[in-house]
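Only one structure is covered here, and it is reproduced in the block below.
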Amino acid sequence: MKRAAIVVAAVAALVIPSCVLAQSPKVIFIKNATVLTVTHGNIEHGSILIREGKIVDVGANLTAPSDATVIDATGQYVMPGIVDCHSHIAVDGSVNEGGMAVSSIANIKDVLNPEDPDIYRDLAGGVTAANILHGSANPIGGQTVVIKLRWGKPASDLPFEGAVPGIKFALGENPKESSFQPPPGIPQRYPATRLGVEEVIRQAFIEAREYKKSWDVYNTRKAAGEANLIPPRKNDRLEPLVEVMEGKRYVHAHCYRADEILMLIRVANEFGFKVRTFQHVLEGYKIADEIAVSGAGGSTFSDWWAYKVEAYDAIPYNATLMAERGVVVSINSDDAQEARQLNIEAAKAMKYGGMSANDALKLITLNPAIQLGIDSRVGSIDVGKDADLVIYNHDPLSVYAVAQKTLIDGQVYFDRQKDIDGRAALAKEKQDLLDKEKKAAEEKKPDDASGGDAAKKKPDAKKKSAKPTAEGISVGGAL
Amino acid sequence: MRAAVAALALTCCAIAMAAIESTGAVAAPPEGGPPRYYAITNARIVPVSGAVIESGTVVVARGLIQSVGTSVTIPPEAWVIDGKGLTVYPGLIDAGTSVGLGDADAGAKKPGGPLPTSPEDRPGTTPWRATADELKTDDKKIETWRSAGFTTTLVLPDGGIFPGQAAVIDLAGARPGDMVVRATDSVPISFRPVGGFFGFPDSLMGTIGYVRQVLDDTNWYAQAEPIYEAAPTKNERIPYDRAEVTLADAKQKKEVVLLPANNSIQILRALRLADEWKLAPVLYGGQQGYDVADALKNKNAAVIVNLKWPERAKDGDPDAEQTLRELRFRDKAPGTPAALAKANVKFSFYSGGLGGPKDIQKSLKKAMDAGLTADQALRAFTLDSADILGLSDRLGSIAPGKIANLVVTDGDIFNEKTKVKHVFVDGRWFPIHEDAKPEKPADKSAPGDDESYKDKHSRAYQGDGR
């Protein structure tokens with residue numbers, strides 16, 4: 001799902017520090033905060049002790065060790081870092097490989113972009129982990145990865161260690177490409193109907209099953225000592241599907257309508273796997289029992305409605321209704337901007353459905369962590385978990401809440417005051433570089449008339465130059 | 001009379017050279033043709049592979065460097081160039097050009113035909129194409145590059161993910177094949193999606209996934225083919241796939257695989273992929289190497305640096321927002337060669353989209369202003385470049401047995417005031433800004449100093465019809 005971005009009023013639109021981290025202290029003591037643990041209530045005037053990136057103590061009557069760096073959070077709120085179960089940030093290039101209906105050959109992990117400013121902007125909204133998904137152009141999309149928003153670190157440091165990799169599926173209008181027609185001469189990609197979407201998924205799993213079988217047969221015969229056997233080809237498109245059937249890869253399925261959700265549950269049963277999360281799942285409230293029985297989680301929007309035909313039946317009570325029937329529910333952003341206010345999105349569940357404040361917080365912390373299989377590491381403020389925390393100046397479920405500091409692994413990755421303090425220096429650096437370029441351009445002009453291969457060309461000569469073999473002119477983009 | 005010949009050479013050295021070749025008049029090699037023996041005496045010699053010789057002699061014999069030093073024997077048949085006041089360098093290598101391909105874009109695929117929709121359609125994949133087969137001796141860029149001291153280039157194919165195999169050529173030859181040092185030297189890969197909006201692949205991640213599959217298929221073929229040949233009755237027949245066959249052959253020959261990577265994200269990604277794909281990491285682009293030089297060193301990577309430094313788009317909106325990231329990149333990119341040298345990362349240069357040697361020199365000056373020393377620059381343009389291309393046993397330095405690719409200048413080769421006086425390509429002499437011919441051997445029978453030489457020479461020139 002790709003919605004029109006709303007206002008991209010980023011906290012740090014111009015001022016992205018290339019590295020926000022100095023050497024981080026090993027022991028941190030956050031004191032005198034309202035600690036929203038999510039799992040065992042709120043602690044007034046509470047403290048959190050962090051060592052080597054882990055929470056080692058939480059409570060009301062703690063004292064700071066002498067070697068600790070103290071963060072005074074008097075009057076402030078600490079909650080677990082927000083986990084966004086549906087995000088497309090930090091991706092280099094397109095988030096869709098749309099050229100074929102089954103694009104599992106593509107892997108988001110190959111194209112993580114650690115310098116995407118959206119990482120920092122989302123950090124500024126309290127997000128510490130995100131499920132980076134392929135787009136929804138294909139019945140079976142690309143491989144996906146859960147990351148921590150470790151701004152300033154290289155791409156190889158972003159993936160959430162030990163998190164089960166995923167794969168994107170999509171049902172309905174997007175994969176059947178109902179909203180665009182190719183130009184004349186280019187055939188419409190199959191599938192073009194919901195029946196076709198099901199067929200493509202089933203066909204892919206039949207192929208994957210056969211593929212797995214061909215390897216099993218080969219390995220058996222080889223183990224029996226047979227010589228001169230040609231191994232099967234490694235198929236990078238089918239291997240992820242074999243992993244799905246073996247439970248080694250989670251399916252995150254973009255979906256809207258109840259009928260297609262039931263369809264995918266049936267297909268999954270047929271091939272012996274479970275859908276890990278239904279994403280968007282706007283009609284999930286109609287079939288909450290069936291989703292709960294299937295074991296899938298539901299990751300939905302707060303109150304988005306009617307932006308396309310298949311979203312007409314969406315209701316803002318969806319999260320509450322699914323949760324009441326036993327579905328593990330999260331609220332996701334699907335949008336770099338909205339990810340900055342997931343706390344408010346969660347709070348809407350209190351208005352629509354009367355969810356408790358703690359359950360609302362779970363929608364963006366513990367529940368998405370459970371859905372992504374990372375709840376032993378993050379999602380609540382408990383001893384032993386990663387110190388992925390966000391400190392707000394107000395109750396995070398209030399519209400007045402603004403994130404002050406965001407920590408991942410006990411390191412401060414976003415500090416609002418430091419950001420504000422650093423803006424002038426960055427603005428100056430930028431202005432200096434602009435001035436330098438301007439000056440160089442002015443000096444260059446008279447020189448151009450005499451030198452350079454372009455200037456040297458005869459006036460009547462046809463313009464010829466060495467063909468560029470690799471562009472690489474801009475800092476971004478593919479070569 | 002001599003002056004007339006020299007003037008002619010000065011006016012149009014390439015044509016003069018062709019004339020010499022066709023008349024066979026200047027020297028006296030037994031088989032005819034131009035002289036095959038030269039000695040450059042009393043010259044400052046920068047061998048790159050060893051210490052500078054302040055005044056010494058280089059002897060060129062039959063295409064190779066025969067000897068170099070302060071006390072070398074000059075063969076009696078050698079034509080002698082008095083190198084007093086001149087400096088001899090190894091010929092420069094431009095490790096990525098379209099020089100020699102002419103202006104026709106022979107390789108680029110025209111759109112049309114069925115849309116590729118799966119890896120099996122092999123989108124943008126023509127590794128069997130060899131630029132060595134598409135060379136044109138009349139490409140004017142050959143002379144332009146050569147006259148600036150470039151004797152060797154890597155000729156890159158363009159268009160596609162596996163556009164073809166790149167040839168290393170020397171910049172002189174009567175026929176295309178004469179130029180080729182190694183026809184299939186390297187396999188450049190591009191990560192630019194080729195599927196447009198409706199075909200496969202249309203994304204960076206799809207393209208990388210596709211490259212991975214092609215390499216898997218290549219490995220599979222390399223493994224499966226001998227098994228099938230050994231036991232055809234036991235296995236299903238292997239379908240013929242030209243891409244697999246060619247790439248398996250390239251792998252067996254240990255051809256260099258060139259991975260694209262310009263900014264730091266791309267560089268670190270390419271290093272990871274090279275690890276995963278078990279390739280020796282040779283990256284092209286490399287312009288943000290200043291940020292990741294240590295990582296490059298740790299992986300023992302080599303970088304072919306694009307000399308077309310990033311600049312603000314000329315026709316861009318003057319009011320367009322410039323990000324700090326772009327500004328920093330444009331500011332620091334020319335510092336990459338110095339940073340790589342400091343980190344002891346092996347690198348060379350390619351001119352890529354630059355118009356010609358003048359632009360190369362300007363770009364290089366920016367790199368030197370940013371800290372690259374002349375020695376480091378020379379090494380990058382010669383021996384290290386040859387090494388990266390797997391040809392340091394025959395190119396890149398002035399040492400006995402190396403191909404006689406030399407550039408003779410009247411000063412420091414990277415000084416913009418310096419003039420290139422002579423260039424030798426495969427031991428063949430090209431006067432550039434030189435009005436004095438080599439002195440012919442003492443052997444009286446050697447022609448070249450009589451009327452017949454001039455006549456033949458002139459006739460050949462006129463007869464050439466150019």
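Residue numbers start from 1 in every chain, and the chains themselves are labelled A, B, ... in the order their sequence lines are given, proteins ahead of strands. Values below: every heavy atom of this structure, side chains too, minus hydrogens, waters and symmetry copies.
- More than 12 heavy-atom neighbours from other residues, nucleotides or ligands sit within 6.0 angstrom of NZ on A/K176.
- Looking at B/Q223, only its side chain comes within 4.5 Å of chain A, counting heavy atoms on both sides.
- For B/N235, the part lying near chain A is the side chain, with the backbone staying farther off; criterion is any non-hydrogen pair under 4.5 Å.
- For a residue to count as touching a neighbouring chain, one of its non-hydrogen atoms must lie under 4.5 Å from one of that chain's; by this rule B/R269 touches chain A with the side chain only.
- In this structure, the portions of A/N235 lying under 4.5 Å from any heavy atom of chain B include both its backbone and its side chain.
- Within the 3.5 Å criterion, the main-chain N or O of B/L327 finds no donor-acceptor partner in the side chain of A/K430.
- Residue B/E229 does not touch chain A at all, counting heavy-atom pairs closer than 4.5 Å.
- Of the two parts of A/P187, neither the backbone nor the side chain holds a non-hydrogen atom closer than 4.5 Å to a non-hydrogen atom of chain B.
- At distances below 3.5 Å, at least one donor-acceptor pair connects side-chain atoms of B/Q213 with backbone N or O atoms of A/K234.
- Under 4.0 Å is where a charged nitrogen must lie from a carboxylate oxygen, and between A/R233 and B/D216 no such pair does.
- More than 12 heavy atoms of other residues, nucleotides or ligands lie within 6.0 Å of CD in A/E161, so this atom counts as buried by the packing criterion.
- For A/E177, no part sits under 4.5 Å from any heavy atom of chain B, backbone or side chain.
- For the set B/E244, B/Q361, B/R312, B/E276, the entry with the most heavy-atom pairs within less than 4.5 Å of chain A is B/E244.
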